[in-house]
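Contents: one structure, followed by commentary.
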Amino acid sequence: MSHDTLPRPVKTAGEPVEPPRTRRRRHWSKRPNPVAGLGSLLWLAVVIIPIYAMISASLTRQDKALGNNALKPPTDPTFANYNTVLHNGFGHFLANTALVAGAVVGIVLVLCVPLAYVAVRTRTVWSSAAFRLFLMGVAIPAQAVVVPLYLMIAKLNLYDSLLAVILPTAAFAMPVSVLILTGTLRDISEDLYEAMALDGASATRMLFQLVTPMTKGGISTVVIYAALQAWNGFLFPLIFTQSDGPRVLTLGLFNYVSQFGVNIPALLASVVLSGIPIFAVYLVARRALVGGLMGVGGK
């Protein structure tokens with residue numbers, strides 16, 4: 001009998017059993033990476049320093065705004081600039097901006113989720129051509145269509161109203177939103193659609209009971225993206241509104257700019273206050289935003 005065919009020795013009950021050998025895995029994450037650490041610190045400085053300078057300047061008195069070093073903490077900090085902002089119509093501008101952002105998000109979700117569902121599930125030449133035509137809006141800048149939009153809004157008697165800001169903002173947020181949602185919907189397994197079809201589910205039932213729950217990541221991404229577009233929008237409020245009634249936060253900054261000067265501390269205080277709500281939303285949903293943009297929001 002050869003050595004290869006010898007029977008293996010059988011271990012008795014009293015002998016210890018050797019643990020199975022496992023392959024050692026390399027833990028790359030435990031290795032120090034000074035280059036990546038240095039790059040992270042540099043990027044953190046690029047992000048933190050302007051924010052620090054803005055907050056520091058907002059706590060400085062107006063007569064000392066231009067004389068001090070921007071990176072030097074204020075020697076006599078004051079909250080008078082924030083008090084000026086809060087008593088200069090900031091609440092009204094904030095309410096208008098929140099209303100515009102909420103309306104834009106609602107319009108985008110109501111229209112883009114069914115559009116993306118049809119684009120993914122309807123595999124015809126016409127639906128594919130319509131989808132490509134719809135995505136052409138990504139390549140059209142808002143500045144190129146301001147004049148036609150102005151004429152349309154004037155003919156519809158919507159000028160100097162919040163609707164004049166809401167409708168164009170939602171329209172320009174829809175192409176990217178549809179692109180994000182279609183990428184998310186393609187991650188849903190075909191077997192799930194077939195299982196619901198065998199149960200007799202209609203297309204509407206699939207949309208609400210299958211697609212919507214499994215695309216929460218993509219929907220969260222679209223919500224944040226549309227809200228950012230509405231919150232930071234400046235061109236449409238500037239062109240399509242005139243009075244103080246429909247004025248939003250981005251236009252409210254003009255209250256601190258006059259013919260003879262600029263109230264820099266109050267202006268920066270207004271910027272700080274206006275950025276807090278959208279920054280809080282981003283902190284809550286940042287993972288969904290990154291995941292949806294990477295195309296894995298539906299997984």
Side-chain angles (χ1 to χ4, degrees), residues 29 32-98 100-102 104-105 169 173 220-221 223-235 237-238 247-294:
S29 60
N33 192 341
V35 177
L38 180 60
S40 301
L41 290 177
L42 290 176
W43 180 250
L44 181 63
V46 170
V47 174
I48 292 296
I49 290 177
I51 296 177
Y52 163 77
M54 180 176 63
I55 296 176
S56 177
S58 67
L59 298 174
T60 306
R61 299 183 183 277
Q62 185 177 2
D63 55 352
K64 299 180 180 180
L66 298 178
N68 295 337
N69 186 359
L71 299 180
K72 183 180 178 180
T75 57
D76 188 14
T78 177
F79 288 95
N81 301 311
Y82 290 91
N83 188 31
T84 301
V85 171
L86 294 176
H87 289 83
N88 200 18
F90 180 82
H92 174 69
F93 303 149
L94 179 64
N96 285 342
T97 307
V100 170
V104 169
V105 169
T169 305
S220 300
T221 305
V223 168
I224 298 175
Y225 171 76
L228 283 173
Q229 294 297 309
W231 198 273
N232 298 327
F234 177 76
L235 180 63
L238 178 65
R247 181 164 292 188
V248 295
L249 284 173
T250 52
L251 291 184
L253 299 177
F254 278 105
N255 291 339
Y256 311 104
V257 180
S258 64
Q259 183 180 359
F260 304 100
V262 181
N263 190 348
I264 296 178
L267 178 65
L268 295 179
S270 179
V271 173
V272 171
L273 291 177
S274 62
I276 290 176
I278 200 67
F279 182 70
V281 173
Y282 171 77
L283 288 179
V284 172
R286 64 186 183 278
R287 290 186 178 180
L289 175 64
V290 175
L293 291 176
M294 292 177 64

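Values below: every heavy atom of this structure, side chains too, minus hydrogens, waters and symmetry copies. Heads up: numbering here begins at 1 and tracks the sequence.
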Report, one line per pair, each donor and acceptor closer than 3.5 Å where one atom sits in a side chain of residues 266-279; sequence neighbours left out.
unit_1: S274; atom_1: OG; unit_2: S270; atom_2: O; d: 3.0
unit_1: S274; atom_1: OG; unit_2: V271; atom_2: O; d: 2.9

Any pair with a residue in residues 77-93 that passes salt bridge (Lys or Arg N to Asp or Glu O under 4.0 Å), sequence neighbours left out, goes on the list, sorted by first then second residue, please.
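Residue pairs passing salt bridge (Lys or Arg N to Asp or Glu O under 4.0 Å), neighbours aside: none found.
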Keeping to residues at least two apart or across chains, list the salt bridge (Lys or Arg N to Asp or Glu O under 4.0 Å) pairs with something in residues 38-61.
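Non-adjacent pairs meeting salt bridge (Lys or Arg N to Asp or Glu O under 4.0 Å): R61-D76.
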Non-neighbouring partners of [X] that pass side chain to side chain contact (heavy atoms under 4.5 Å, CB included), sequence neighbours left out:
X	answer
A101	A230, W231
L235	A142, Q143, V146, I239
P77	L59, P74
V47	W43, I51

Which atom pair, heavy atoms only, marks the closest approach of F254 to T250?
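Scanning both residues, the minimum pair turns out to be CD1-O, 4.4 Å.
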Please name the pair of heavy atoms, one in P50 and one in A45, separated by the smallest distance, quoted to 0.1 Å.
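Heavy atoms only, the tightest pair is CD-O, 4.0 Å.
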Could you give all pairs that pass the side chain to side chain donor-acceptor pair (under 3.5 Å) test and reach residues 79-90, with sequence neighbours left out?
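For residues 79-90: S58-Y82, N83-H87.
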With sequence neighbours excluded, what pairs up with N263 under the side chain to side chain donor-acceptor pair (under 3.5 Å) test?
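So N263 forms no side chain to side chain donor-acceptor pair (under 3.5 Å) with any residue.
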In Å and rounded to the nearest 0.5 Å, what is the [atom1] to [atom2] distance from [X] to [Y]?
X	Y	atom1	atom2	answer
R247	T97	CZ	OG1	11.5 Å
L253	F234	CG	CZ	8.5 Å
T60	K72	OG1	NZ	11.0 Å

Backbone N/O of Y52 and side chain of S56: donor-acceptor pair under 3.5 Å
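The answer is no, because no donor-acceptor pair under 3.5 Å joins these two groups.
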Are L249 and F93 packed together at the side-chain level, in the sense that at least one heavy-atom pair is separated by less than 4.5 angstrom?
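Yes, their side chains come closer than 4.5 Å.
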